[in-house]
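A short worksheet on the structure shown next.
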Amino acid sequence: MREPLIRVGLALARGLSHLPFGLLRGIADGLGGLVWLLASPRRRVTLINLRLCFPDLSEPQRRAIARAHFRAYARSFLDRFVFWHAPPERIRRLCRLEGMEHLQTLIRDGRPVIVLAPHFMGIDAGGIRLLLEHPLVSMYSPQRSRALTEAMTTGRARLGARMIARREGVRPLVRALRDGAVLHYSPDMDLGRREAVFVPFFGVPAATVTALPRLARAAGAVVLPMVTEMTPEGYVARLHAPWAEADDLDPRPMLVRMNRFIEDEIRRMPDQYLWSHRRFKTRPEGEPALYGRSSAADRR
């Protein structure tokens with residue numbers, strides 16, 4: 001029964017995507033409030049992450065960020081169906097692209113490029129907006145739902161993205177980069193101990209995959225950070241100044257730089273990062289787990 005219900009939900013979300021953007025935002029705000037009340041495991045993870053990363057804030061301040069995060073999450077979920085299905089002219093109206101000159105210069109110079117796109121709420125909007133200017137290669141994680149995986153990959157691929165499943169590993173990514181592709185890549189999640197090192201994230205050791213510097217070094221690629229910000233009118237996708245390719249065998253310096261970059265962007269818009277992900281799930285040897293049972297404060 002689960003899969004048919006998901007397909008009904010996907011069809012409903014696609015139908016809502018035709019509504020005026022302002023009305024869609026209003027629906028998303030209500031949905032975000034409902035998810036805050038009902039999705040207690042995600043609420044608990046979000047609050048734990050915020051306590052770890054913002055210990056100087058008061059509990060009411062962190063809860064306000066968490067509530068705003070759930071509204072932003074709901075907005076981004078419904079907005080994805082706009083970006084997965086809308087014509088290019090509507091996508092351009094809803095998402096402004098800044099810093100394209102950085103990518104154009106690298107392409108003109110024949111450099112392989114890794115677009116570093118951390119998990120902010122606008123990640124899909126920015127990636128699809130960038131697709132209107134240049135084809136991309138993108139890695140994805142198959143979802144538990146086949147219908148959701150199909151919707152996600154079809155929506156991203158329809159404008160020219162080449163989708164590579166995470167289970168295929170990094171070799172197809174290296175080949176694509178060496179062939180001159182632009183890779184849209186998001187390595188800021190806890191994927192376990194394998195091929196990861198512990199790097200501080202807001203001062204907390206976080207298992208961080210080493211694929212970004214390894215890919216950059218193997219393909220001679222330049223890292224081009226991109227963060228997409230959700231605004232009242234839509235989105236703004238910003239390509240930042242490029243980082244030089246990795247020539248150090250130690251992956252840590254680039255990973256430290258990546259986490260610091262993400263921290264700086266989070267401080268600008270703290271509700272728009274993916275706090276509901278268990279970023280600190282994997283702990284250094286001997287350290288206790290951080291996501292235990294929920295407390296009374298988490299349930300309020």
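We use all heavy atoms of the structure for the numbers below, so side chains are in, but hydrogens, waters and symmetry mates are not.
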* Asked: What class does the angle between the rings of Tyr273 and Phe201 fall in, given that below 30° is parallel, 30 to 60° is tilted and above 60° is perpendicular?
  ->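 Judged by the thresholds at 30° and 60°, the geometry between Tyr273 and Phe201 is tilted.
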
* **His69 and Tyr73 aromatic ring geometry - parallel, tilted or perpendicular at 30°/60° bounds** =>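 Answer is perpendicular, since the angle exceeds 60°.
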
Determine whether a donor-acceptor pair (N or O, by modelled atom type, separation under 3.5 Å) exists between the side chain of [X] and the backbone of [Y].
X: Arg71; Y: Gly32; answer: no
X: Trp275; Y: Phe70; answer: no
X: Arg156; Y: Ala161; answer: no
X: His240; Y: Gly99; answer: no
X: Ser186; Y: Ala117; answer: yes
X: Arg252; Y: Phe198; answer: yes
X: Asp124; Y: Arg80; answer: no

Please enumerate all residues that pass ring pair (Phe, Tyr, Trp, His ring centres under 6.0 Å) together with [X], with sequence neighbours excluded.
X: His119; result: none
X: Phe21; result: none
X: Phe202; result: Phe54

* What residue pairs, at least two apart or across chains, pass salt bridge (charged side-chain N to carboxylate O under 4.0 Å, His left out) with a residue in residues 98-107? ->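 Passing the test, one end in residues 98-107: Arg96-Glu98, Glu98-Arg238.
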
[X] side, atom [atom1]; [Y] side, atom [atom2] - distance, nearest 0.5 Å:
X: Leu177; Y: Leu183; atom1: CG; atom2: CG; result: 5.0 Å
X: Arg144; Y: Ile6; atom1: CZ; atom2: CD1; result: 10.5 Å
X: Leu212; Y: Leu116; atom1: CG; atom2: CG; result: 6.0 Å
X: Leu50; Y: Ile266; atom1: CG; atom2: CD1; result: 9.5 Å
X: Ser145; Y: Arg2; atom1: OG; atom2: CZ; result: 6.0 Å
X: Leu132; Y: Leu97; atom1: CG; atom2: CG; result: 9.0 Å

Might you point out which heavy atoms bring [X] and [Y] nearest each other, and give the distance in Å?
X: Ala237; Y: Gly126; result: CB-CA, 3.9 Å
X: Pro242; Y: His102; result: CD-ND1, 3.9 Å
X: Gly192; Y: Ala207; result: O-CB, 4.1 Å
X: Leu10; Y: Ala151; result: CD1-CB, 4.3 Å
X: Ala221; Y: Val113; result: CB-N, 4.4 Å
X: Leu255; Y: Val209; result: CD2-O, 3.5 Å

* To do: Return the set of residues passing side chain to side chain donor-acceptor pair (under 3.5 Å) with Gln104 (not counting sequence neighbours), or none when no residue passes.
  =>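 By the side chain to side chain donor-acceptor pair (under 3.5 Å) rule, Gln104 matches no residue at all.
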
* **Contacts of Glu287 that satisfy side chain to side chain donor-acceptor pair (under 3.5 Å) - sequence neighbours left out** =>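 Testing Glu287 for side chain to side chain donor-acceptor pair (under 3.5 Å), a comparison that skips the adjacent residues, returns Arg283.
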
* Asked: Partners of Arg42 by salt bridge (Lys or Arg N to Asp or Glu O under 4.0 Å), sequence neighbours excluded?
  ->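 With neighbours one apart ignored, the set is empty.
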
Do [X] and [Y] come close enough that some side-chain heavy atom pair is under 4.5 Å?
X: Arg93; Y: Arg90; answer: yes
X: Thr149; Y: Tyr140; answer: yes
X: Arg75; Y: Met121; answer: no
X: Glu150; Y: Arg7; answer: yes
X: Leu215; Y: Val174; answer: yes
X: Met258; Y: Thr208; answer: yes
X: Pro118; Y: Leu274; answer: no
X: Phe120; Y: Glu229; answer: no

* Verify side-chain contact (heavy atoms from CB on, under 4.5 Å) between Leu131 and Ile91, making sure each step is shown before the conclusion. => CA-CA 11 Å; Leu131 267 173; Ile91 293 173; over 6 Å; no

* salt_bridge(Arg268, Glu265) N-O dist < 4.0 Å ->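 Looking at Arg268 and Glu265, the cut-off is met.
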
* Arg92 and Glu89 ion-paired at < 4.0 Å ->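 Looking at Arg92 and Glu89, the cut-off is not met.
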
Do you reckon [X] sits in the same ILVMFWY cluster as [Y], going by side-chain contacts under 4.5 Å, direct or chained?
X: Ile114; Y: Val137; answer: yes
X: Val8; Y: Leu16; answer: no
X: Leu24; Y: Phe83; answer: yes
X: Ile262; Y: Val223; answer: yes
X: Val236; Y: Val115; answer: no

Pairs involving [range], ordered by first then second residue, that meet side-chain hydrogen bond (donor to acceptor under 3.5 Å, both in side chains) (sequence neighbours left out):
range: residues 16-25; result: Arg25-Asp79
range: residues 192-207; result: Glu195-Arg214
range: residues 161-185; result: Ser141-Arg166

* Asked: Under 6.0 Å from the six-membered ring centre of Trp84 and within 45° of its axis: does the NZ or CZ of Arg158 meet both?
  ->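 The answer is no; the distance or angle limit is not met.
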
* Take Ile65 and Leu57, measure what side-chain contact (heavy atoms from CB on, under 4.5 Å) needs, and give me the verdict at the end. => CA-CA 10 Å; Ile65 293 172; Leu57 295 182; 3.7 Å; yes

* **Fellow cluster residues of Leu34, listed by chain then number, with links counted only when side-chain atoms sit under 4.5 Å apart** =>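 ILVMFWY cluster around Leu34 also holds Leu38.
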
* What residues, two or more places apart in sequence or in another chain, satisfy side chain to side chain contact (heavy atoms under 4.5 Å, CB included) together with Val45? ->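 Once residues adjacent in sequence are excluded, the partners of Val45 under the side chain to side chain contact (heavy atoms under 4.5 Å, CB included) criterion are Asn49, Arg278, Tyr291.
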
